> 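Let me give you the structure first, and then I'll get to my questions.
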Amino acid sequence: MAHAAPAPGARRRAPRTPDVFSARTHRAAAMATPVVLGLVYGYWAAANRRDGDAITGWNVLFGFVTALAFAVAYVAVRTLAPRLKRELHATLWAAFAGCAFGFLYSQAGPSVLRSTAMSLAVAAGVFAVLFYRYYTHEDAEGHPLPH
């Protein structure tokens with residue numbers, strides 16, 4: 001059976017997956033994500049710092065302050081990054097990931113040089129992955145490609 005040829009320049013769009021959650025659920029998730037990630041990060045940093053010793057009040061305070069700082073930085077990056085071009089967008093997320101990893105790694109007690117080298121390696125990996133993703137999913141002006 002014969003089929004009509006597609007018109008020149010016409011693109012077939014793949015059907016988008018349906019959004020099964022309501023707008024209210026998305027807003028709640030947007031508010032809960034930084035809080036949950038911050039608490040996990042703060043607990044992890046406090047656990048690395050105490051290195052198996054007893055939990056103290058200062059250790060708990062350190063965990064909550066770290067959680068607050070991480071959550072604030074995460075919200076700032078999540079708000080600012082989409083407004084940037086793909087290179088800066090990937091660089092900002094890479095810097096955030098590198099700093100977050102480097103801080104956690106430094107709490108375990110290695111040297112400053114080792115912490116810096118490890119965080120730079122993580123940041124480079126994150127940059128490579130995100131730049132590739134943004135480069136392949138945007139046009140030359142930085143607008144998302146239609147799916």
Side-chain angles (χ1 to χ4, degrees), residues 5-52 55 57-147:
R11 293 183 94 190
R12 287 180 45 127
R13 290 189 181 184
R16 297 190 76 173
T17 57
D19 190 6
V20 296
F21 297 113
S22 68
R24 181 178 177 214
T25 305
H26 283 287
R27 281 192 307 274
M31 299 280 284
T33 301
V35 172
V36 171
L37 288 178
L39 288 173
V40 169
Y41 187 85
Y43 172 75
W44 196 345
N48 282 355
R49 188 173 196 145
R50 71 183 171 90
D51 194 30
I55 298 174
W58 290 114
N59 188 252
V60 172
L61 178 65
F62 174 77
F64 279 113
V65 170
T66 302
L68 179 65
F70 180 88
V72 168
Y74 175 79
V75 169
V77 169
R78 194 174 71 178
T79 302
L80 180 62
R83 299 177 186 168
L84 302 173
K85 291 188 176 213
R86 72 184 92 163
E87 296 85 4
L88 294 175
H89 191 165
T91 302
L92 186 60
W93 278 112
F96 174 74
C99 289
F101 177 82
F103 181 74
L104 274 183
Y105 191 74
S106 72
Q107 296 307 306
S111 69
V112 173
L113 292 176
R114 178 136 176 121
S115 295
T116 303
M118 294 294 286
S119 65
L120 287 174
V122 168
V126 169
F127 176 79
V129 169
L130 290 181
F131 180 77
Y132 176 78
R133 193 227 184 261
Y134 299 142
Y135 190 79
T136 58
H137 288 77
E138 293 178 354
D139 62 10
E141 286 82 34
H143 303 105
L145 293 175
H147 294 303

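Small disclaimer: the values here were computed from a predicted structure and weren't measured. Throughout, residue positions are numbered sequentially from 1 according to the sequence presented.
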> Of the non-hydrogen atoms in L92 and V77, which two are nearest, and what is the gap between them?
CG-CG1, 4.1 Å
> Check whether any side-chain heavy atom of R50 sits under 4.5 Å from a side-chain heavy atom of F62, and report yes or no.
no
> How many angstroms lie between atom CD of E87 and atom CZ of F131, to the nearest 0.5 angstrom?
5.0 Å
> Minimum heavy-atom separation for S115 to P110, with atom names?
OG-CG, 3.5 Å
> Please indicate whether I55 has more than 12 foreign heavy atoms, meaning atoms of other residues, nucleotides or ligands, lying under 6.0 Å from its CD1.
no
> Mind listing the closest non-hydrogen atom pair of V126 and A97 along with its distance?
CG2-CB, 3.9 Å
> With sequence neighbours excluded, what pairs up with Y74 under the side chain to side chain donor-acceptor pair (under 3.5 Å) test?
none
> Report yes if the distance between the aromatic ring centroids of F101 and Y41 is under 6.0 Å, otherwise no.
no
> Could you pull out all residues at least two apart from L39 that satisfy side chain to side chain contact (heavy atoms under 4.5 Å, CB included)?
V35, F64, A67
> Taking the side chain as everything from C-beta on, heavy atoms only, tell me whether P34 gets closer than 4.5 Å to R78.
yes
> Return the minimal non-hydrogen interatomic distance between A45 and F103, and the atom names on each side.
CB-CE2, 4.2 Å
> Return the OG1 to NZ distance between T91 and K85, rounded to the nearest 0.5 Å.
13.0 Å
> Evaluate the side chain to side chain contact (heavy atoms under 4.5 Å, CB included) criterion for residues W44 and F70: first the C-alpha distance (whole Å), next the side-chain angles of each, then the deciding distance (0.1 Å), finally the verdict.
CA-CA 12 Å; W44 196 345; F70 180 88; over 6 Å; no
> Heavy atoms, side chains only, cut-off 4.5 Å: are Y105 and S119 in contact?
no
> How far does CG of L130 sit from NE2 of H89, to the nearest 0.5 angstrom?
7.5 Å
> Spell out, as yes or no, whether a donor-acceptor pair under 3.5 Å connects the side chain of N48 to the backbone of A108.
no
> Rounded to the nearest 0.5 Å, how far does CZ of R114 lie from OG of S106?
13.0 Å
